[in-house]
A.B. asks: 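Provided herewith is a single structure, encoded as structure tokens, for subsequent inquiry.
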Amino acid sequence: MSERYNPAAIETKWQTVWEEQGIDKTQMDEGKPKWYALTMLPYPSGDLHTGHWYAYTPSDAAARFKRMHGYNVFFPIGFDAFGLPAENAAIKRGAHPAQWTWANIARMRTQLRRMGAMWAWDSEAVSADPEYYKWSQWFFRKFYDAGIAYREYAPVDWCPTCNTTLAREQVWGDDRHCERCGTPVIKKNLEQWKFRITNYADELLDDMAQIDWPERVKGDADQWIGRSIGAEVTFHTEQGDPLVIFTTRPDTLWGATFMVLAPEHALVDSVTTVEYRSAVAAYKAQAARMDEIERGAADKEKTGVFTGGFARNPVNGEMIPIWIADYVMMGYGTGAIMAVPAHDERDFAFATKYQLPIRRVITGPDGATGPLAEAYAGKEDGAMINSGPFDGTPVEGAVTKVIQWLEEKNLGVGAVNYRLRDWLISRQRMWGAPIPIIYCPTCGVVPVPYEELPVLLPDDAEFRPTGESPLKYHEGFRYVKCPTCGGDAERETDTMDTFMCSSWYQYADVSLYWKKGEPLKADDLPWDKEKGDYWLPVDQYTGGIEHATMHLLYTRFFTKALRDLGVVNFDEPMQRLFNQGMILGPDGEKMSKSRGNVINPDEFVDRYGADTVRGYLMFIGPWDMGGPWDMNAIEGVHRFLHRVWGVVTDDPQMTNPTLDPNITPVWNQAIRSLLLMMAPIFPHISEELWHVEGNTSSVHLQRWPEADLEKAQEDEVVVVVQVNGKVRDKLTVAPGTDATVLRKQALALENVTRWMAGKQVQRDCGA
RNA sequence: GGGUCGGUGGCGGAAUGGCAGACGCAGCGGACUUAAAAUCCGCCGAGGCAACUCUUGUGGGUUCGAAUCCCACCCGACCUACCA
């Protein structure tokens, strides 16, 4: 008789012991293969929710499993700690965002420890720590030196009343008004810092073939990068200005009946005639208030206005009208298109609405040449018509032929376009890593010297209700001497996008806060080389699907840029990626406070212990699927642990009364294997029972049990006999029984003879 | 419109060409108990007295044999979308 299973007591006990004995401390034993397992670092929101538990439990179980299989496992944790919520909290409470952030981190650490995961706590990276963002700034500086970082005017949402830039989530409603004062937001061009991620577009696309990532993520990234192949063709306005358009269908050039410019296009004013000036100006003003996302709403009816101007189509000399419309984006291609309504859905809709001509230049798959009821955009079937020298050319392959012809005639060139834009990293916010740049009236843009990093965030920042970054008001931060000429200069007051800081935490983890307190140099290696060579790259990365495009694309870009700078020697930061599914509320809906279906994991840990919660989450179903939280099913896992406890501690209620003393060693061996195999999922109870069994070293440092296949060999096997695919009888025979013997025996079976009556064997499985 | 994943008992799910429904939940019966909880044992897709028959979203196909492979369709979830 012994004590009942009491998870609360044993879990706290073992967490303390493990920490004291340092059993989860990362080793670098060269004799063992390494395994770098990483989960996306959490944002310190202040509470560990079901999603965190579901992300970390299987990651931890897998890491433990690998360790028991003889790997050196590195399994770090940390916090992606910059971001807007801290600033909002600061404005609300008048406290510094650092205070809120670090308090939340402290709270989440306690919650995380309750999970009993094998995290390498001594590698806990916090991106808001100056020793971390010192390196974020060092990377910025390297990118600046390499020409990867550059400054450009880019549109931001601007509130003219508050006199400040707004983040996307601060712009509300269909009319796009300011969150605080309700004033309609306008677009404003500000000089901002960007990274040339587009230089890597092809590589980011093509290298996906060499990484083991879910198709979904690859598909999303593929679409996000959006490579399309076509041609740039130069039209000329009446005024003689070249007007370049991008098209993927140069084979339809002869069907262009009008042109459309983005409202922001540079030639709009010069092509607009006097009588259309006011209409054009009004349309431009309206378009300026919407961002591209809104303009891109697919179901929105197309609008536009005629400019009064015309341009000449280079392939046939026709003068066609120029319109402006917000369905053409300034940020894609050249911001101008030729409109071929007969063979493009959008152009068709626009032409129909504004009664513009539609000219067919591709026959239907059946050779049809008549008027169209809808656009025909097929690229495989049909032939070119009304297209001068190309009449009769089959559509398939026509694009290449026309591009060649355009190039020969000097009318256009083959071109590739991407949806992907350069990465805008400037944020007009305080709680981020300051961009290490100084503006000097004499020397211009001057990067902060490497030795002077980090540029520290002031700890006495004052949050005013204007919403503008406190860095702008902070004189000590803002006004500096120019590092080059020593004259009066100003610091950049924008901070970096938090995605910048999360793009390299897999490297930060390797040797945390490397060169702490030391001045940096341009040719530093940002982590301990020996450790980096051993651990990098990440073997298994896990996290939510919501990062399919932004974070994952950025971190891949970051690694490729570092490779070009000679810092790393591989192309991809994470070899394998796995996305966990989502745990829904008991009602099968996404958990939300408004629905009142939020499950607080702490309550279940209090009631059943962490091992039960871990086990429940592990067995809920396939990890990438998730599913609803089942209030009852968790009981089953808890019962299982109680039974295991009873069996091992000889609870009379559980003890098998028929157990023969002769098989005690076998029984003990079975218990031993059971505990070893439970260890990755149920780390605490297996450790406790492992010690109850008389072991003194940790169960987690043992090797996974190996099966002796010879001993597991069956003396007899059941062979199922099917007639016409239906099970009719069974044979019990010795393993390895010869096929001809089996066949003979099978045919002799009573059930089989009955079903075979009057029939011959046509074919059999041929075993 | 494009992409990805999925559809199997009352429920979560197993089985990836060879005994469909492992395991768990719920349910039913029994043991223990004054009683209940807990625990333990048994039953648990549908029909049929039985032999058997039917059953993996629907319809076809391949195969000795299909939840699994192929074709067409229906339904659902998530992501994405005026990208020229």
Side-chain angles (χ1 to χ4, degrees), chain A residues 4 214-228 230-233 245-250 252 256 259-260 262 292-303 325-340 343-350 377 415 417-421 545-546 548-549 579 581-582 584 588 590 615-616 619-622 624-640 642-643 646 651-657 718-730 751 754-755 761-767:
Chain A
R4 286 185 62 78
E215 280 311 311
R216 247 171 106 194
V217 175
K218 289 188 184 183
D220 283 0
D222 200 298
Q223 209 165 84
W224 188 265
I225 296 167
R227 175 163 62 193
S228 51
E232 282 185 1
V233 184
I245 57 108
F246 175 75
T247 177
T248 54
R249 294 296 303 275
T252 64
M259 303 190 76
V260 186
E292 291 193 0
I293 304 277
E294 293 219 342
R295 280 164 54 169
D299 46 358
K300 183 174 168 275
E301 198 177 337
K302 290 176 182 35
T303 59
D326 64 9
Y327 80 90
V328 174
M329 314 292 164
M330 195 56 226
Y332 184 78
T334 61
I337 61 161
M338 62 160 180
V340 184
H343 306 291
D344 182 279
E345 247 177 77
R346 295 151 298 168
D347 298 344
F348 190 93
F350 196 82
N417 251 295
Y418 304 89
R419 272 188 32 151
L420 182 72
R421 316 287 170 80
I545 185 74
E546 67 274 15
T549 44
N579 302 114
M582 203 192 299
L584 307 170
K590 203 169 167 170
Y616 168 65
F619 290 110
I620 206 165
D624 52 348
M625 304 260 231
W629 181 276
D630 187 333
M631 295 292 192
N632 292 317
I634 193 167
E635 291 274 0
V637 179
H638 198 55
R639 272 179 220 156
F640 167 74
H642 268 289
R643 277 197 290 270
D651 184 328
Q653 218 174 9
M654 308 280 185
T655 306
N656 188 338
V718 174
V719 177
V720 172
V721 183
Q722 296 181 343
V723 180
N724 279 336
K726 289 195 172 23
V727 179
R728 295 305 180 187
D729 214 330
K730 290 170 190 184
N751 281 345
R754 201 166 81 237
W755 286 97
V761 173
Q762 302 290 325
R763 255 167 292 180
D764 62 26
C765 66

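Residue numbering restarts at 1 for every chain, and letters A, B, ... go by the order of the sequence lines. Keep in mind that the numbers below use all heavy atoms, side chains included, and drop hydrogens, waters and symmetry copies. Every value quoted in this text rests on a predicted model; they were computed, and no experiment measured them.
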A.B. asks: Categorize A:Trp629 for me: base, sugar-phosphate, or nothing, with a 4.0 angstrom heavy-atom threshold over every strand shown.
C.D. replies: nothing
A.B. asks: Going by a 90° cut-off around 0, is B:G9 syn or anti?
C.D. replies: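 Judged by the O4'-C1' to base torsion, B:G9 sits in syn, the angle falling within 90° of 0.
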A.B. asks: Identify the two heavy atoms, one from A:Ala262 and one from A:Met329, that lie closest to each other, and give their separation to 0.1 Å.
C.D. replies: CB-C, 3.9 Å
A.B. asks: Compare side-chain N and O positions of A:Arg346 against OP1 and OP2 of B:C83 and report whether any pair is under 4.0 Å apart.
C.D. replies: yes
A.B. asks: Looking across every strand, which nucleic acid part, if any, lies under 4.0 Å from A:Val727 by heavy atom: base, sugar-phosphate, or nothing?
C.D. replies: sugar-phosphate
A.B. asks: Would you call the rings of A:Tyr616 and A:Trp629 parallel, tilted or perpendicular, where under 30° means parallel and over 60° means perpendicular?
C.D. replies: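 A:Tyr616 vs A:Trp629 ring planes: perpendicular.
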A.B. asks: If we take the P atom in both B:G21 and B:G10, what is their distance in whole Å?
C.D. replies: 16 Å
A.B. asks: P atom, B:G29 versus B:C52: distance in rounded Å?
C.D. replies: 31 Å
A.B. asks: Judged by each residue's nearest nucleotide on RNA chain B, which is more toward the 5′ side, A:Lys726 or A:Phe619?
C.D. replies: A:Phe619
A.B. asks: Less than 4.0 angstrom between a side-chain N/O of A:Arg421 and OP1 or OP2 of B:C83, yes or no?
C.D. replies: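 Checking A:Arg421 against B:C83: no side-chain N or O falls below 4.0 Å of OP1 or OP2.
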A.B. asks: Between B:A84, B:C82, B:C25, which one does the side chain of A:Ile337 approach most closely?
C.D. replies: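 The closest nucleotide is B:A84.
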A.B. asks: Below the 4.0 Å mark, does B:C52 have OP1 or OP2 next to a side-chain nitrogen or oxygen of A:Arg754?
C.D. replies: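 So the side-chain polar atoms of A:Arg754 do come within 4.0 Å of the phosphate oxygens OP1 or OP2 of B:C52, strictly under.
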A.B. asks: In whole Å, what separates the P atom of B:G6 from that of B:A15?
C.D. replies: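 Pairwise P distance, B:G6 against B:A15, rounds to 13 Å.
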A.B. asks: When the nearest nucleotide of RNA chain B is assigned to A:Glu635 and to A:Glu215 on a heavy-atom basis, which residue is associated with the more 5' position?
C.D. replies: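 Residue closer to the 5' terminus by nearest nucleotide: A:Glu215.
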A.B. asks: Looking only at the side chain of A:Arg639 (C-beta and beyond, no hydrogens), which of the listed nucleotides B:C82, B:U4, B:C25 gets closest?
C.D. replies: B:C25
A.B. asks: Out of B:C52, B:A38, B:C83, which has the shortest distance to the side chain of A:Asn751?
C.D. replies: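 Looking only at heavy atoms from C-beta outward on A:Asn751, the closest nucleotide is B:C52.
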A.B. asks: With C1' as the reference atom in both, quote the distance from B:C54 to B:U4 in angstrom, rounded to an integer.
C.D. replies: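 Result for the C1' pair: 35 Å, nearest Å.
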A.B. asks: C1' atom, B:U56 versus B:A66: distance in rounded Å?
C.D. replies: 11 Å
A.B. asks: Is B:C5 paired to anything, Watson-Crick or G-U wobble with both distances less than 3.5 Å, and if yes, which nucleotide?
C.D. replies: B:G76
A.B. asks: If you measure from the P atom in B:A31 to the same atom in B:G13, how many Å do you get, rounded?
C.D. replies: 36 Å
A.B. asks: Going from CG on A:Asp347 to NZ on A:Lys302, what distance comes out if it is rounded to the nearest 0.5 angstrom?
C.D. replies: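 Result: 9.0 Å between the selected atoms.
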A.B. asks: For the base of B:G65, is there a side-chain donor-acceptor partner from A:Gln722 under 3.5 Å away?
C.D. replies: no
A.B. asks: Output the single nucleotide from B:A14, B:A84, B:C19 whose closest atom is nearest the side chain of A:Pro622.
C.D. replies: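 Selected nucleotide (nearest to the side chain): B:A14.
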A.B. asks: Under 4.0 Å: is that the gap between some side-chain N or O of A:Thr549 and OP1 or OP2 of B:U80?
C.D. replies: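 No, no such contact exists.
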A.B. asks: Pairing check on B:C23: which nucleotide meets the Watson-Crick or G-U wobble criteria with it, both distances under 3.5 Å?
C.D. replies: B:G12
A.B. asks: May I have the distance from A:Ile634 (atom CD1) to B:A26 (atom P), rounded to whole angstrom?
C.D. replies: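 Value for this atom pair: 13 Å.
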A.B. asks: Measure from the side chain of A:Trp755, starting at C-beta and using heavy atoms only, and say which of B:C19, B:C52, B:C79 lies closest.
C.D. replies: B:C52
A.B. asks: Can you tell me, in whole Å, how much space there is between the P of B:C11 and that of B:U80?
C.D. replies: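 That atom pair is separated by 31 Å.
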A.B. asks: Once you round to the nearest 0.5 Å, how far does CZ of A:Arg216 lie from CD1 of A:Ile545?
C.D. replies: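 Here the interatomic distance stands at 4.0 Å.
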A.B. asks: Where the side chain of A:Met625 is concerned, which of B:C79, B:A84, B:G6 is the nearest nucleotide?
C.D. replies: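 Selected nucleotide: B:G6.
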A.B. asks: If you look at every heavy atom in A:Met338 and A:Thr252, which pair is closest and at what distance?
C.D. replies: CE-OG1, 3.8 Å
A.B. asks: As an exercise, state the distance from CZ of A:Arg419 to CH2 of A:Trp224, rounded to the nearest 0.5 Å.
C.D. replies: 6.5 Å
A.B. asks: Using the P atom as the point on both nucleotides, what is the distance between B:G24 and B:C32, in whole Å?
C.D. replies: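 After rounding to an integer number of Å, I get 25 Å for this pair.
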A.B. asks: Of the candidate nucleotides B:C25, B:U53, B:C82, which contains the atom at the shortest distance from the side chain of A:Asp630?
C.D. replies: B:C25
A.B. asks: Taking the side chain of A:Arg728 as its heavy atoms from C-beta onward, which of B:C82, B:C83, B:U53 lies nearest to it?
C.D. replies: B:U53
